[in-house]
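For clarity, every value in this text was computed on a predicted model and none was experimentally measured. In listed order, ligands and their atoms are each counted from 1. Every heavy atom of this structure was used, including side-chain atoms; hydrogens, water molecules and symmetry mates were not.
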Amino acid sequence: MRESLHIIKQEHRNLFRVVNMMDQILRSLKPGETPDFSFLDDVLDYIETFTDVYHHPKEDLFLFRLLRQRDAGAEAIIEELEEEHQRCPVSLKAVKDGLAAFRAQGPEGLETFRALAADYLRFQTKHLQKEEGIVLPLAMRALTEEDWAEIDTAFRDNADPVFGPQGRAETRSLYSRIVNEAPAPFGFGD
Ligand SMILES: [Fe+2]
Ligand SMILES: [Fe+2]
C-alpha cells in the first residue's frame, strides 16, 4: 500500500478511537454521575489540533487538490468533504460549549451533552467513511506516480514548518497522553 494511504488510514483510526472513546465514556455514566471534565478537555483539544491544524489541511492541500486535477467526476464529493472540513471547527466549538455548560450544570446536563457528543461522533464517522469508501478508491484509480510521490512526502511530514517533525511529535504525544489517561476500560494500551 502507498505510504500516504497507510498514514491516512492510521490517522483516521486514531481520530475515530478518540471520538468513539468520548462517546463510550459518556454512555457509561449513570444518572447523577459526572465525567472527569479535564480529561474531556484534553480529548477535545486533541481532536481540534489533530483535525483542524494537522490532518484536514494535508487532505485539502495535497490529496483533494491533485484528485480534482485528475478526475473531474470527483468534484462533487471533494466539495462536500471540503465543506465538512470547514464545518468541523464550528461543530467542535458546539461540543466545547456543550461541555462547559455540562460542567456548570452538573449531572442534569449529562443527557444534553451526551446527545451533542453522539452527533459529533456521527458527523466524524460519516466523513471518514466517505473518504475511505469513495475518495481513496477514486484517488487510487486516478492519481499518477508523481502525484503519489508528492502526497507521500506531505503525509510523511519531512521539512515542512506546519506538518514537520515538530508538529507530528506534538500530535503523537497528545494522542498517547489521551490514551494513557483514559479511565479503565476505555484506554487502548497502545
Ligand atoms: Fe477529511
Ligand atoms: Fe481524513
Side-chain angles (χ1 to χ4, degrees), residues 1-23 42-96 116-144 147-158 160-176 178-179 188 190:
M1 194 193 294
R2 294 295 320 202
E3 188 183 2
S4 47
L5 281 176
H6 177 75
I7 295 170
I8 291 169
K9 288 179 180 211
Q10 183 65 47
E11 291 185 357
H12 285 172
R13 200 150 48 231
N14 291 353
L15 175 64
F16 178 76
R17 280 174 161 186
V18 171
V19 178
N20 189 52
M21 178 174 68
M22 177 170 71
D23 185 66
D42 288 349
V43 166
L44 296 180
D45 284 345
Y46 167 78
I47 295 171
E48 184 170 36
T49 305
F50 178 77
T51 57
D52 300 331
V53 179
Y54 187 70
H55 180 75
H56 290 168
K58 285 195 297 192
E59 290 179 333
D60 291 336
L61 293 171
F62 298 95
L63 181 65
F64 295 173
R65 173 176 60 81
L66 290 165
L67 180 57
R68 169 175 266 144
Q69 284 170 16
R70 302 287 175 208
D71 181 1
E75 184 59 33
I77 185 71
I78 291 174
E79 279 177 19
E80 191 176 325
L81 292 169
E82 284 173 339
E83 191 272 323
E84 288 174 5
H85 284 182
Q86 282 166 18
R87 192 146 36 95
C88 202
V90 182
S91 304
L92 192 65
K93 170 84 165 55
V95 180
K96 284 188 161 190
L116 262 177
D119 278 349
Y120 188 78
L121 174 64
R122 264 192 299 278
F123 167 62
Q124 280 295 358
T125 305
K126 276 193 201 152
H127 182 81
L128 299 179
Q129 283 169 344
K130 284 185 238 178
E131 288 181 341
E132 301 233 353
I134 303 172
V135 164
L136 295 184
L138 286 176
M140 282 189 268
R141 279 199 289 276
L143 298 185
T144 66
D147 295 337
W148 282 117
E150 188 180 344
I151 297 171
D152 283 350
T153 304
F155 275 84
R156 209 185 290 130
D157 297 325
N158 287 330
D160 184 291
V162 179
F163 307 127
Q166 199 51 45
R168 188 166 186 76
E170 198 181 301
T171 4
R172 274 216 184 118
S173 79
L174 260 172
Y175 177 77
S176 316
I178 300 276
V179 163
F188 305 113
D190 61 357

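- With contacts defined as side-chain heavy-atom distances shorter than 4.5 Å, the pair Asp119/Arg122 qualifies.
- Side-chain contact between Tyr46 and Val179 is absent, with no heavy atoms from C-beta onward closer than 4.5 Å.
- Ring orientation note: the planes of His55 and Phe155 are nearly perpendicular, at an angle over 60° on the 30°/60° scale.
- Checking side-chain atoms of Asp147 against main-chain N and O of Thr144 turns up a donor-acceptor pair under 3.5 Å.
- Residues forming a ring-ring contact (aromatic ring centres under 6.0 Å, His included) with Tyr120 (at least two apart in sequence, or on another chain): none.
- Residue-and-atom listing of protein N/O/S atoms under 2.8 Å from the Fe ion (ligand 1), sorted by chain and number: Glu59 OE1, His85 NE2, His127 NE2, Glu131 OE2.
- In this structure, the separation between CE on Met22 and CG on Asp42 is 12.5 Å, given to the nearest 0.5 Å.
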